[in-house]
Visitor: 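The structure under discussion is supplied below as structure tokens; questions concerning it will follow.
For ligands, and for the atoms within them, numbers begin at 1 and follow the listed sequence.
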Amino acid sequence: MSRKVLFSVYFLVNLIACSQAANILYLITYIGKSQYIMLKPIGLELARRGHNVTVISVFKELEPPPNYHQVLVDENIFDAMGGKRPSHFTSVDLSAEERHNRFLWNGGLTLTEIVLNSTQVRQFLASDHNFDVVISEQFFQEAMYILAHKYEAPLVLITSYGNCMRHNIATRNPLQLATVVSEFLVVQEPKSFFGRLRNLYFTVYEYVWWRFWYLEKMDKLAREYVPNLKSPVPSLYQLQQNVSLFLINSHFSVDPPTAYLPNIVEIGGVHLSPSKPKLPKDLQTILDESSNGVICVTFGSNIQSSKLPVDKRNAFLNTFRKLKVTVLWKWEEDFLEGKPDNVIIRKWLPQNEVLAHPNVKVFISHGGLIGTQEAIYHGVPIIGVPIYGDQYNNLLQMQQAGLAKILQFHDINEENLETLLNEVLNHASYRNRAKEISKRFKDRPMSALDTAIYWIEYVIRNKGAGYMKNPGLKLSWIAYNMLDVYGFLAIVLLILVYLVFKVVNAMQHIIKTKSYVPDVRNGKIKDN
Ligand SMILES: *[C@@H]1O[C@H](CO)[C@@H](O)[C@H](O)[C@H]1NC(C)=O
Ligand SMILES: *[C@@H]1O[C@H](CO)[C@@H](O)[C@H](O)[C@H]1NC(C)=O
Ligand SMILES: *[C@@H]1O[C@H](CO)[C@@H](O)[C@H](O)[C@H]1NC(C)=O
């Protein structure tokens, strides 16, 4: 009770301090837990600063501040989607296109319908509300963006990965396909000719399907489930073109430097804070006492390492058995057959807090962006086994930076694991590089979280800050790409070439006629 009173006082003080407390709607409706880990600090921090925050989510905050209201999707999403969690290890060879065709497009549509049709969300949408801004995660739930139109509020989108090709096209940010790999694509050599061709191919595939098939279905969902929309109802594509602000989970200190419009802001590492992380007592003791070092093994929140094929699991166990270090493994079952004494399993690990411990020497991971950023932040070298999506290219960047080694899934065996672990454990260069990159990742004028909050409040203060949007949005596609001008120049050039050709022809003719004169003269000479 006293905690609530304390919070209320705090809320009031904040209300007075920042006279501009806003009503904020925050949509985190995708089921990815690691995405939620990255996104939730933004909502909580907005509430901490006195804003009235309403969150629609599938995840529940257990002790939220009083001005943080939750609208929860109670339905068991995996049941409702008619299946259990897929094992990601069996789909490791799928191309990005196959992954979209099999899981992402239809999964996104089904999931969004479940969210919009869930009891609390329907009740919420049926009652009256006012919002000054609508913030949404950007990941296969685009129908939710219609709420920006419903509440006539500016739209802010947040990606849990970095740059987004579809949105580069929609907002008319330069594509930069030569240096920026599409977020879902695995490209072995991104800058090679075939790497760039692959990137272009996938970007075209993705854009065409997204815009002309998938988004039209999302449009239908939005109109079907969201009541009282003022007409004319814009399409979801138009809403995304008109987005006020994009917060993207990347940072140039570790990702490729990229040209961005002023309303695209990098907030890579937004869920990481310099405050001392708190570990549960048992883990704290284990980590403190492991003076030979610790290897932390997790394949993230989505991929379950307990689903590893037996031969690969045994390769890990046999390698760990030979080491003197402690191994902390996120293993989702009670029992791990053949577990050596130096391997400690937990169904869930507070990964960021573990990685912050100075005894952790190596992070064995799938290369998911959130975990990779945590390792970067705490300066821990990585051995990465990419499974899908952006993971290979996240790891490739870290390998090129000298703090990671990639181990392909099919190459997991005792020999390779032992070689790699000895390499990374016994060469200081990996750790030194990791520390160096950690330092530059943190070296910013404002923390990532402060940056995110600053720009969200900026958009609220400036009523959508329309002046930050690319003026090119008002031009036709042809004008924006300068095709009319290039076309005109091409025609002028053609005319010039034609004229030059004509003149040369005419001159040749004259020369020929002239050179005929001596012949005549010769003739005359002969005649003479
Ligand atoms: C805060 O938002 C909730 C909606 O979740 C609304 O019912 C409430 O009236 C709002 N409070 C203020 C002070 O605007
Ligand atoms: C929406 O929810 C209702 C129950 O609340 C259910 O009967 C209906 O089948 C759901 N519709 C869809 C398309 O899932
Ligand atoms: C674009 O967004 C602004 C708010 O940022 C809004 O005032 C305007 O009406 C929107 N335009 C369209 C065409 O949706």
Visitor: Take atom 14 (O) of ligand 2 and look for protein heavy atoms under 4.0 Å from it; say yes if you find one, no if not.
Guide: yes
Visitor: Could you label the plane-to-plane angle of the F184 and F139 rings as parallel, tilted or perpendicular, counting under 30° as parallel and over 60° as perpendicular?
Guide: tilted
Visitor: Answer yes or no: is there an ion pair linking D450 with R49, defined by an N-O contact shorter than 4.0 Å?
Guide: yes
Visitor: Please state which protein non-hydrogen atom is closest to atom 9 (O) of ligand 2 and give its distance, to 0.1 Å?
Guide: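 For atom 9 (O) of ligand 2, the nearest protein heavy atom is N117 ND2, 4.8 Å.
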Visitor: Under 4.0 Å from any heavy atom of N52, which atoms of ligand 1 are there?
Guide: 1 (C), 2 (O), 3 (C), 8 (C), 10 (C), 11 (N), 12 (C), 14 (O)
Visitor: Less than 4.0 Å between atom 11 (N) of ligand 3 and some protein heavy atom, yes or no?
Guide: yes
Visitor: Please state whether K469 comes within less than 4.0 angstrom of ligand 3, counting heavy atoms only.
Guide: yes
Visitor: Within a 6.0 Å radius of atom OH on Y480, are there more than 12 heavy atoms belonging to other residues, nucleotides or ligands?
Guide: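 Atom OH in Y480 is packed in, count exceeds 12.
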Visitor: Output yes when R166 and E183 qualify as a salt bridge under the 4.0 Å nitrogen-oxygen rule, no when they do not.
Guide: yes
Visitor: May I ask you to list the atoms of ligand 1 that are less than 4.0 angstrom from any heavy atom of N23?
Guide: 1 (C), 2 (O), 10 (C), 14 (O)
Visitor: Does the protein put a heavy atom under 4.0 Å from atom 5 (O) of ligand 3?
Guide: yes
Visitor: Please indicate whether any nitrogen or oxygen in K463 is less than 3.5 Å from any nitrogen or oxygen in ligand 3.
Guide: no
Visitor: Does G466 have a non-hydrogen atom less than 4.0 Å from ligand 3?
Guide: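 Not so, G466 does not reach ligand 3.
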Visitor: Which atoms of ligand 2 sit under 4.0 Å from any heavy atom of E113?
Guide: 13 (C)
Visitor: Verify, without hydrogens or angle tests, whether Q391 (side chain) and I387 (backbone) share a donor-acceptor contact under 3.5 angstrom.
Guide: yes
Visitor: For ligand 2, which atoms sit closer than 4.0 Å to a heavy atom of Y225?
Guide: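 Ligand 2 atoms under the 4.0 Å threshold to Y225: 13 (C).
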Visitor: Quick one: nearest non-hydrogen protein atom to atom 8 (C) of ligand 3, plus distance?
Guide: N242 ND2, 3.7 Å
Visitor: For Q373 and N249, test the side chains for any donor-to-acceptor distance below 3.5 angstrom and give the result as yes or no.
Guide: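 Per modelled atom types, Q373 and N249 side chains form a pair under 3.5 Å.
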Visitor: Checking side-chain hydrogen bond (donor to acceptor under 3.5 Å, both in side chains) for the pair Q138/T159: CA distance, chi angles, key distance, verdict?
Guide: CA-CA 5 Å; Q138 189 279 113; T159 72; 5.5 Å; no
Visitor: Within a distance under 4.0 Å of any heavy atom of S244, pick out the atoms of ligand 3 and give their elements.
Guide: 5 (O)
Visitor: Does any N/O atom on H129 come nearer than 3.5 Å to any N/O atom on ligand 1?
Guide: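 The answer is no, given that H129 and ligand 1 share no N or O pair closer than 3.5 Å.
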Visitor: Salt-bridged, E216 to K220, with N to O below 4.0 Å?
Guide: no
Visitor: Does K278 reach the side chain of E353, with side-chain heavy atoms less than 4.5 Å apart?
Guide: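 With C-beta onward as the side chain, the pair stays apart.
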Visitor: Which of the atoms in ligand 1, numbered in the order shown and given with their element, are less than 4.0 Å from a heavy-atom of T54?
Guide: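 That gives atoms 2 (O), 4 (C), 5 (O) of ligand 1.
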Visitor: Answer yes or no: is there an ion pair linking D334 with K347, defined by an N-O contact shorter than 4.0 Å?
Guide: yes
